[in-house]
Amino acid sequence: MAKAPPLGAKGRRSGPRARRSWRVAFFALALAGLIAAVAWALLGPWLLVVRSVVVTGTRLVPASEVLAVAGVNRGTPLIWVNVGRVAARIETIRQVKSAQVTRDWPDRVVIVVWERTSALTVMAPGGGFDLVDSGGVIVRWAARRPADLPLYLAPASGTAVNSLRGDPDLAAAAAVLGALPAQLRHTVGSVSAPSPDQVTLQLSGGITVLWGDASDAARKARVLNVLMQAHAHYYDVSAQETVTTN
């Protein structure tokens with residue numbers, strides 16, 4: 001006849017089953033304690049909360065404006081900061097092209113701003129000039145046209161500058177200017193674009209160049225450099241097969 005398992009000090013039977021039960025209970029308590037500690041560390045009032053918000057990359061937009069629009073309050077648990085929503089709010093600022101928001105553990109939020117870059121000037125309705133980026137968004141206003149930014153001649157006189165936002169013709173003009181060799185770009189006084197593939201440059205000295213689209217800029221610049229030795233007032237380098245002077 002098999003013998004019964006030995007009794008413990010208080011009459012309880014000992015053995016592998018009892019030891020396994022104690023081990024399960026121990027690990028359950030340890031896991032519960034770990035979860036409680038992590039929750040307290042992340043959500044507690046003293047640890048891992050926002051103590052500072054750092055803004056970098058601003059030149060046109062005051063950092064105070066970025067902070068106000070971001071809406072990140074000190075004392076907020078860092079894990080509660082929705083970095084995507086904060087970045088989206090910052091990008092509603094007109095001069096901001098994009099923003100990146102990151103949590104810098106244990107207690108800081110870092111905001112990196114990329115501002116829009118002026119590509120062209122447009123005559124402002126009330127006088128002066130609106131400096132716009134390649135998307136037609138107004139970056140800032142200036143009383144005088146900056147020497148390094150050509151004037152964009154809108155197709156229709158009196159066109160509201162706000163209507164140029166997202167305009168493909170303006171975008172093509174900005175792309176052409178960005179592709180020009182520096183020496184040639186510095187001679188451009190104004191630019192027009194009846195269509196994206198018909199960008200026309202007005203150079204100093206009364207010279208007009210039908211450039212076409214932004215493609216093949218290096219070849220067009222070489223051809224134009226040769227043609228300009230004829231001292232004409234009109235050049236067409238828009239087509240690769242043929243060139244025209246007048």
Side-chain angles (χ1 to χ4, degrees), residues 50 52-73 76 78 81-104 108-155 159-182 184-186 188-193 195-197 199 201 211 213-215 217:
V50 178
S52 64
V53 182
V54 179
V55 178
T56 63
T58 55
R59 184 175 57 87
L60 300 173
V61 183
S64 58
E65 181 180 354
V66 175
L67 291 172
V69 174
V72 179
N73 299 317
T76 303
L78 200 57
V81 177
N82 188 317
V83 296
R85 290 181 182 176
V86 174
R89 288 197 293 268
I90 296 170
E91 288 169 0
T92 62
I93 300 174
R94 187 181 64 193
Q95 293 90 346
V96 174
K97 184 176 183 180
S98 63
Q100 182 183 57
V101 181
T102 56
R103 304 183 191 95
D104 187 10
R108 187 170 69 162
V109 172
V110 177
I111 300 173
V112 181
V113 173
W114 287 274
E115 295 179 330
R116 297 183 184 275
T117 303
S118 301
L120 292 160
T121 60
V122 180
M123 295 185 67
F129 299 88
D130 286 314
L131 280 57
V132 300
D133 72 350
S134 59
V137 178
I138 300 174
V139 177
R140 65 184 181 91
W141 177 87
R144 297 183 178 182
R145 181 176 70 84
D148 60 338
L149 290 180
L151 178 67
Y152 177 69
L153 303 176
T159 301
V161 69
N162 290 335
S163 68
L164 294 175
R165 185 163 188 161
D167 183 78
D169 297 337
L170 185 146
V176 166
L177 291 174
L180 292 178
L184 177 60
R185 190 181 189 281
H186 292 158
V188 180
S190 63
V191 56
S192 59
S195 64
D197 59 351
V199 177
L201 310 174
W211 189 266
D213 59 23
S215 65

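Nothing here was measured: the structure is a model prediction, and the numbers come from that model.
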Chi angles and distances behind the side chain to side chain contact (heavy atoms under 4.5 Å, CB included) call for Leu78, Val109: CA-CA 8 Å; Leu78 200 57; Val109 172; 3.7 Å; yes

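- In plain terms, the two heavy atoms of Trp141 and Gly127 that are nearest each other are NE1-O, 2.9 Å.
- Results of the side-chain contact (heavy atoms from CB on, under 4.5 Å) test with Leu177 over Leu149, Val199, Leu184, Leu120 single out Leu120 as the only residue that passes.
- Residue Leu164 holds its CG atom at 9.5 Å from CG of Asp130, rounded to the nearest 0.5 Å.
- Closest approach of Trp114 and Gln100 over heavy atoms only: CZ3-CB, 3.7 Å.
- The two residues Ala99 and Ala87 make their nearest non-hydrogen contact at O-CB, 3.7 Å.
- In this structure, the side chain of Arg165 does not engage the main chain of Gly136 through any donor-acceptor pair within 3.5 Å.
- Atom CG of residue Asn82 and atom CZ of residue Arg89 lie 8.0 Å apart, to the nearest 0.5 angstrom.
- The structure places CD of Gln95 at 11.5 Å from OG1 of Thr58, a figure rounded to the nearest 0.5 Å.
- Counting all heavy atoms, side chain and backbone alike, Arg185 lies closest to Pro150 at NH2-CD, 4.4 Å.
- For the salt bridge (charged side-chain N to carboxylate O under 4.0 Å, His left out) condition, the pairs that include at least one residue of residues 114-129, sequence neighbours left out, are Arg116-Asp133.
- The side chain to side chain contact (heavy atoms under 4.5 Å, CB included) test applied to Ala214 returns Ala175, Val176, not counting sequence neighbours.
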Does the pair Tyr152 and Val132 meet the rule for a side chain to side chain contact (heavy atoms under 4.5 Å, CB included), with working shown? CA-CA 10 Å; Tyr152 177 69; Val132 300; over 6 Å; no

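- Once rounded to the nearest 0.5 Å, the distance linking CG of Leu180 with NE2 of His186 reads 10.5 Å.
- Once rounded to the nearest 0.5 Å, the distance linking CG of Leu60 with CD1 of Ile93 reads 11.5 Å.
- Applying the side-chain hydrogen bond (donor to acceptor under 3.5 Å, both in side chains) test to Ser195 and every residue at least two apart in sequence or in another chain returns Asp197.
- Checked against side-chain hydrogen bond (donor to acceptor under 3.5 Å, both in side chains), Arg145 has no partners two or more places apart in sequence or in another chain.
- Taking both residues in full, the closest heavy atoms of Leu131 and Ser118 are given as CB-OG, 3.5 Å, listed atom of the first, atom of the second, then distance.
- Contact detail for Ser134 and Leu170: the closest heavy-atom pair is O-CD2, 3.6 Å.
- Residues that satisfy the salt bridge (charged side-chain N to carboxylate O under 4.0 Å, His left out) test with Asp104, not counting sequence neighbours, are Arg108.
- Between the CZ atom in Arg140 and the CZ atom in Arg94 there is a gap of 11.5 Å [rounded to 0.5 Å].
- Checked options Val86, Val53, Val113; the residue passing with Val101 is Val86 (criterion: side-chain contact (heavy atoms from CB on, under 4.5 Å)).
- Applying the salt bridge (charged side-chain N to carboxylate O under 4.0 Å, His left out) rule to Asp213 yields the partners Lys220; only residues at least two apart in sequence or on another chain are considered.
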